[in-house]
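All residue numbers refer to positions in the sequence shown, counting from 1.
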Amino acid sequence: MSSIVLLLREVMDESGIGLRGLAEKLRTEHREGPLPRGYQTLSKRLRGTGLQNEPHLIHAIISACTEGDRQKHVTARVTELLADARGAAATAGGAPRKQPTATDRQLVDALAEINTLRKKMERLRSRAERAEKKLMKARELLAAGSRETPVHPPPRKRTVGESGTPFASAPQQPTAIPAPRETPAAQATPAPLLQKDSASAEGVITFLNAVPDLQRRTASSLRAAFDSVLDGERTGRYDLAKLNKSEKTYLGSRVEHFLWQAWGLNRRNVDSRLRHVPLRFTWTSTWMLGPEHVGSVCLLVRASDSESRWSLGVLAVAPEHLNRLKSNRDGKMTLSVAGKSAIHWLFEDAALPENALLHLDQPTLAQVFSPTDDAAADHAQGRTNNLFRAVQGRLLDHSAVRTVAMDPDSPRRVREARRNLLAEGILLLGHQGDQPRIATALGLPRPNKGEWVSVRVARRYPGDGDAPFVEINGDEWRSAAPDDPVESAPYVY
């Protein structure tokens with residue numbers, strides 16, 4: 001019966017009648033008698049279940065799906081197959097079953113190919129419909145953008161120093177939006193027409209400039225978003241390049257979530273138009289924007305973990321700000337030269353909290369993660385000891401310790417490492433007690449909460465010159481030179 005089933009499915013595909021359509025047609029043409037079948041029963045018969053007992057249904061399907069010579073040919077072929085099936089059933093003692101012929105196999109392959117092509121056509125049709133909708137929306141926005149309104153002159157950058165903090169010459173108060181000049185060029189160039197219920201660029205800039213400690217909040221939130229996706233305490237990863245495709249997509253959502261919370265844009269008392277301002281994040285040189293962003297204000301965020309820099313700008317997107325000739329499969333386009341020059345930068349190339357492990361050289365990383373004479377070196381505590389032994393004079397934070405130890409309890413690992421390294425003359429200094437003073441006196445970076453710095457020390461003697469030193473427990477100590485003998489360091493509370 002498999003050959004009959006394949007033949008019936010072939011004539012159904014040729015006619016273009018689906019299973020539900022066939023059931024309805026049979027019900028209409030055969031209102032009387034036992035022939036009409038429901039959808040479920042007809043589906044079972046066309047899979048071969050019980051079909052041998054209903055030859056009248058087979059001929060009714062052929063009559064509904066074929067005409068003329070094709071109907072005669074298919075009917076003759078089915079009659080022949082039914083006769084073969086009855087003969088095989090009559091002599092079915094131990095006789096072997098009839099094997100599929102080459103024609104049957106070719107028929108199966110042809111049907112599979114037809115189904116594959118049909119699915120491809122459906123996907124292409126859906127994609128074309130989506131593209132048509134985006135194109136129509138872009139045309140409407142372009143037509144609406146012909147309204148003439150004044151344009152603001154190019155915004156002033158906020159200068160950022162090497163440490164990431166603004167220079168004294170850069171004002172800390174909210175930046176004022178300069179009034180547009182009444183020049184012929186300004187009057188002739190229309191500003192981008194904002195969509196309904198869209199916040200203005202001035203409103204977004206004013207809101208962000210009013211956020212207390214905006215630069216520190218933004219930088220720390222970006223660092224936290226990166227670390228949350230890297231998930232070093234479970235994966236041991238510290239490089240964003242190691243993320244897979246879906247994790248890189250998720251990174252943008254995490255950045256938006258952390259920044260929204262840091263800026264207070266998720267609060268109920270904030271204007272709803274500000275809460276729905278699109279935020280586009282990239283770690284490359286440009287952003288990808290779709291036609292739906294034309295006519296709206298976008299927050300543009302760029303951050304590079306390898307360069308430890310980040311930028312934040314505001315752009316009222318106009319049609320000429322997008323490269324229409326450079327779009328991806330989803331219709332998103334890069335910013336044009338005009339778009340990049342129109343960005344109002346709140347911060348550009350500000351300092352991002354450093355990913356210490358990413359900036360270590362390979363020999364140092366191998367020393368951190370490789371076993372040593374320490375019996376626990378292949379475990380979490382041993383790797384933590386290696387970290388502060390190999391990386392001295394440099395601030396290390398919770399994330400670095402958790403990634404190396406692959407343990408969420410980084411403070412406990414640091415406390416153990418502090419005791420373990422005293423015999424090697426290594427001080428491990430944090431933010432508590434007298435430790436920040438000792439770090440400053442020895443010329444080391446001053447640790448804040450959640451940061452530590454290590455250094456090997458040696459006793460200071462009268463002939464040691466003017467090297468920085470500090471008094472600890474009544475003795476004077478200095479940073480040890482490579483050729484200084486190892487001696488136990490004092491315990492610091």
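- We find that Asp227 and Arg402 are not joined by a salt bridge, their nearest charged nitrogen and carboxylate oxygen being 4.0 Å or further apart.
- Under a 3.5 Å cut-off, the side chain of Glu247 and the backbone N or O of Asn244 do form a donor-acceptor pair.
- Scanning all heavy atoms of the two residues, the minimum distance from Phe258 to Ala224 falls at CE2-CB, 3.6 Å.
- Nearest heavy atom pair, residue Asp305 against residue Arg223, reads OD1-NH1, 2.7 Å.
- Not one N or O on the side chain of Asp239 forms a donor-acceptor pair closer than 3.5 Å with the backbone of Lys242.
- The backbone N or O of Lys340 lies less than 3.5 Å from no partner atom in the side chain of His321, so there is not a single donor-acceptor pair.
- Taking both residues in full, the closest heavy atoms of Lys332 and Met288 are given as O-CE, 3.4 Å, listed atom of the first, atom of the second, then distance.
- Arg309 approaches Leu352 most closely through the heavy-atom pair N-CB, 3.8 Å.
- With a 4.5 Å cut-off on side-chain heavy atoms, Leu335 and Leu322 count as touching.
- Of the possible polar contacts, none joining the Thr206 side chain to the Gly203 backbone as a donor-acceptor pair under 3.5 Å is found.
- Side-chain atoms of Thr75 come within 3.5 Å of backbone N or O of Gln71 as a donor-acceptor pair.
- In terms of the side-chain hydrogen bond (donor to acceptor under 3.5 Å, both in side chains) criterion, Thr384 has no residue partners (sequence neighbours excluded).
- A donor-acceptor contact under 3.5 angstrom links the side chains of Arg118 and Asn115, judged on distance only.
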Report the C-alpha separation of Ile343 and Trp287 in whole Å, then their side-chain angles, then the decisive distance to 0.1 Å, and conclude whether the side-chain contact (heavy atoms from CB on, under 4.5 Å) test is met.
CA-CA 12 Å; Ile343 299 174; Trp287 296 264; 4.0 Å; yes
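- Residues Trp263 and Leu279 form a side-chain contact, since some pair of their non-hydrogen atoms from C-beta on lies under 4.5 Å apart.
- Side-chain contact between Pro411 and Asp409 is present, with at least one heavy-atom pair separated by less than 4.5 Å.
- Across all their heavy atoms, Ser410 and Val401 have their closest contact at CB-CG1, 3.6 Å.
- For Arg125 and Glu122, the salt-bridge test passes: some basic side-chain N is under 4.0 Å from an acidic carboxylate O.
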Test log, rule side-chain contact (heavy atoms from CB on, under 4.5 Å), inputs Arg383 and Met406:
CA-CA 9 Å; Arg383 292 193 298 271; Met406 296 187 71; 4.1 Å; yes
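- No side-chain N or O of Asp397 forms a donor-acceptor pair with one of Ser399 less than 3.5 Å apart.
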